[in-house]
Amino acid sequence: MHRNERLDYLSRLDTVDLAVIGGGATGLGVALDAALRGLSVVLFESHDFAGGTSSRSTKLLHGGVRYLAQGHLPLVFEALAERATVMHNASHLAQPLGFVMPSYHWWQTPFYGAGLKLYDAMARRAGLGPTRWLGRERALALLPGVQPKGLLGGVEYWDGQFDDARLAIALARSAEVAGAKVMNYMEVLDRHWADGHSTLRARDRIEGREITVRARCVVNATGVWVDALRPPSGRPRPLVQPSQGVHLVVDREFLAGDHALLVPKTEDGRVLFAVPWLGKLILGTTDTPRQDLPREPLPQAQEIDFILREASRVLSRPVRREDIRSQWVGLRPLVAADPGQRTGALSREHTIVVEDGLVTVTGGKWTTYRPMAEDALNQAMEAGLLPQRLGGLTERHRLMACPTDGEPGVPLHAPPGWHLLGTDAASVRQTQGAGHLIGMGLNAAMVRHFVRAEYALTVEDVLARRWRALFLDAQQAATMAPEVADLLRREGVAQPRLDDFLALCRIYAAQA
């Protein structure tokens with residue numbers, strides 16, 4: 001259904017069961033779950049799907065090794081099970097990845113190895129591979145580029161990685177196929193609760209058109225911005241204590257193998273990752289409290305220095321600012337019982353609050369988006385906002401374009417290519433422009449597909465989230481942008497916002 005047709009449909013609606021505000025991992029998960037339960041659903045996202053935190057993760061689909069160290073065992077059990085679920089439901093976008101913890105002190109291998117053996121045991125049948133103690137030579141072979149001086153060995157274990165933004169798009173498409181109406185660039189202006197219903201007034205940010213929708217229940221899944229939508233009676237104590245995490249991208253030559261590197265404890269007590277992803281290497285992350293909530297947060301100079309310093313300690317080749325190909329910041333919607341609690345110590349468990357017909361869900365992480373969505377709907381039903389419907393339908397529900405043959409695909413640490421389209425690749429290959437390469441594995445046929453089938457409306461939508469060029473090499477993304485803008489115009493997009501994207505490229509390339 002074309003965007004204008006969806007708007008026409010929404011303007012004619014009387015009352016829906018559920019309106020979801022927020023098109024990140026949680027909101028899209030709620031929309032899919034509710035639609036599969038047979039509820040009428042609309043979802044409004046003020047920007048693009050996964051335009052905020054949900055596209056700026058460390059790209060790890062993990063059970064939470066550090067949460068095991070913090071003693072959050074229920075969260076680890078849940079995340080390990082959900083890791084397997086996501087890999088089943090979107091196998092082209094979520095896959096196993098080997099990790100190595102290098103050991104530079106005699107006690108590190110037995111100490112961390114024992115903890116990771118417990119991690120294996122907790123995963124049970126959902127485990128991805130056994131933990132192994134490594135000697136020096138094997139550690140060097142798995143981590144070509146690691147600092148050899150003082151290296152004694154290491155520990156190999158397995159976790160998952162994924163393409164967060166493309167998984168979000170798969171959720172959006174799957175929700176619509178299930179019957180939901182999902183709209184990006186649709187801003188909710190206000191909500192009025194009366195007589196057991198919410199009335200939402202929303203504005204299309206593309207053409208300025210306003211519509212009104214009545215809903216029996218509204219789910220607030222706006223991440224770090226949830227408190228702004230809560231009723232005034234619920235705001236004296238905010239739910240969210242935001243924290244930002246910075247990620248830097250460099251060339252794979254710094255760590256040329258197919259395993260990720262994990263330093264379990266840096267000088268600030270966090271872990272440091274060096275993760276091979278889509279042909280590049282992601283370094284991160286930080287944990288810095290933040291009170292303001294910008295749409296495009298910027299890294300602080302000391303955060304960049306910290307990552308470069310910690311990475312240079314464990315890599316044989318020092319990483320310098322001029323090596324950065326892209327940088328991005330994600331805002332974590334952390335929930336703290338104590339407002340003064342350090343953000344690095346906060347749990348990633350989620351919280352749900354029901355107030356005046358509004359179900360607010362926040363916290364959590366990408367790996368557990370599905371049980372978060374299920375919990376939000378169950379609590380809405382318990383509160384009488386939605387009719388009782390059987391849950392559990394998303395657990396084995398394959399997302400759009402997920403292969404069903406079980407064959408291993410191209411690994412996600414390989415450069416981007418056709419494999420990221422899953423089963424859509426066959427039809428896109430038949431689309432005009434399939435042989436015309438724009439750059440970084442992207443061709444003209446893919447751009448047309450993103451507009452026609454994946455809700456892309458701007459150059460940023462294409463080159464940041466449908467294709468991850470901005471997150472991999474911002475300068476190269478800028479060179480690709482004019483051709484993408486031209487293709488968008490040919491597909492009927494009136495304002496592809498090329499200048500806005502080029503300004504964003506300068507930020508991600510650390511040139512602003």
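Keep in mind the model is a prediction, meaning the values are calculated, not measured.
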Heavy-atom side-chain proximity of [X] to [Y] below 4.5 angstrom:
X    : Y    : result
C505 : L470 : yes
L32  : L28  : no
R3   : I206 : yes
V462 : L487 : no
L420 : L412 : yes
L463 : F501 : yes
Q241 : P289 : no
E176 : R6   : yes

Quick one: pull up [atom1] in [X] and [atom2] in [Y] and give me the separation to the nearest 0.5 Å.
X    : Y    : atom1 : atom2 : value
Q95  : H413 : CD    : NE2   : 8.0 Å
L298 : Y508 : CG    : OH    : 9.5 Å
I307 : H247 : CD1   : NE2   : 7.5 Å
W328 : L472 : CH2   : CG    : 7.5 Å
M186 : R203 : CE    : CZ    : 9.5 Å
N220 : I352 : CG    : CD1   : 11.5 Å

Do Y185 and Y455 have ring centres separated by under 6.0 Å?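 Centroid distance Y185-Y455: not below 6.0 Å, so no.
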
Main chain of [Y], side chain of [X]: is a donor-acceptor contact present, judged purely on distance under 3.5 Å?
X    : Y    : value
W467 : M446 : no
T26  : Y369 : no
R37  : R389 : yes
R466 : E454 : yes
W366 : S54  : yes
T423 : P403 : no
N89  : E395 : yes
D461 : T458 : yes
N184 : F49  : no
W158 : P96  : no

Go through it in stages, so that I can follow the logic: the residues are R191 and D356, the test is side-chain contact (heavy atoms from CB on, under 4.5 Å), and I'd like the CA-CA distance, side-chain angles, deciding distance and then a yes or no. CA-CA 11 Å; R191 181 187 76 98; D356 297 343; 4.2 Å; yes

Could you work out, with ring-ring contact (aromatic ring centres under 6.0 Å, His included) as the rule, every residue matching W277, not counting sequence neighbours?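 Scan of W277 (ring-ring contact (aromatic ring centres under 6.0 Å, His included), adjacent residues dropped) gives none.
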
Heavy-atom pair with the smallest gap, counting every atom of [X] and [Y]:
X    : Y    : answer
V42  : V213 : CG2-CG1, 4.3 Å
Q161 : P276 : NE2-O, 3.0 Å
I438 : N443 : CD1-C, 3.9 Å
P294 : R290 : CG-NH2, 3.5 Å
L331 : V224 : O-CG1, 3.6 Å
L385 : G357 : CD2-CA, 3.9 Å

As a quick check of understanding, evaluate side-chain contact (heavy atoms from CB on, under 4.5 Å) for R465 and I169, giving each step before the final call. CA-CA 9 Å; R465 288 172 290 277; I169 299 304; 5.6 Å; no

Apply the test salt bridge (charged side-chain N to carboxylate O under 4.0 Å, His left out) to residues R173 and D424: give CA-CA distance (whole Å), side-chain angles for both, the deciding distance (0.1 Å), then the verdict. CA-CA 12 Å; R173 297 176 67 200; D424 286 335; 2.7 Å; yes

Between V246, D287, V329, which is the residue that forms a side chain to side chain contact (heavy atoms under 4.5 Å, CB included) with E303?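 Testing E303 for a side chain to side chain contact (heavy atoms under 4.5 Å, CB included) against V246, D287, V329 leaves exactly one candidate, V246.
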
Between R205 and E45, is the salt bridge (charged side-chain N to carboxylate O under 4.0 Å, His left out) condition met? List the steps. CA-CA 10 Å; R205 297 181 63 239; E45 162 56 46; over 6 Å; no

Charged N-O contact under 4.0 Å between R370 and E82: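 Here R370 pairs with E82 in a salt bridge, since their nearest N and O are under 4.0 Å apart.
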
With no hydrogens and no angle check, just 3.5 Å: does a side-chain donor-acceptor pair link [X] and [Y]?
X    : Y    : value
S11  : D8   : no
T288 : Q300 : no
S55  : D164 : no
T360 : R230 : no
R83  : T367 : no

Kindly indicate, with the supporting measurements, whether the criterion side-chain contact (heavy atoms from CB on, under 4.5 Å) is fulfilled by V30 and V41. CA-CA 9 Å; V30 169; V41 183; over 6 Å; no

Tell me every residue that passes side chain to side chain donor-acceptor pair (under 3.5 Å) with E210, counting only those two or more places apart in sequence or in another chain.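 For E210 the side chain to side chain donor-acceptor pair (under 3.5 Å) partners, ignoring immediate neighbours, are R201.
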
With a sphere of 6.0 Å drawn around CD of E296, does it hold more than 12 non-hydrogen atoms of other residues, nucleotides or ligands?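 Yes.
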
What's the verdict on side-chain contact (heavy atoms from CB on, under 4.5 Å) for S198 and L358, showing C-alpha distance, side-chain angles and the deciding distance? CA-CA 8 Å; S198 288; L358 182 73; over 6 Å; no

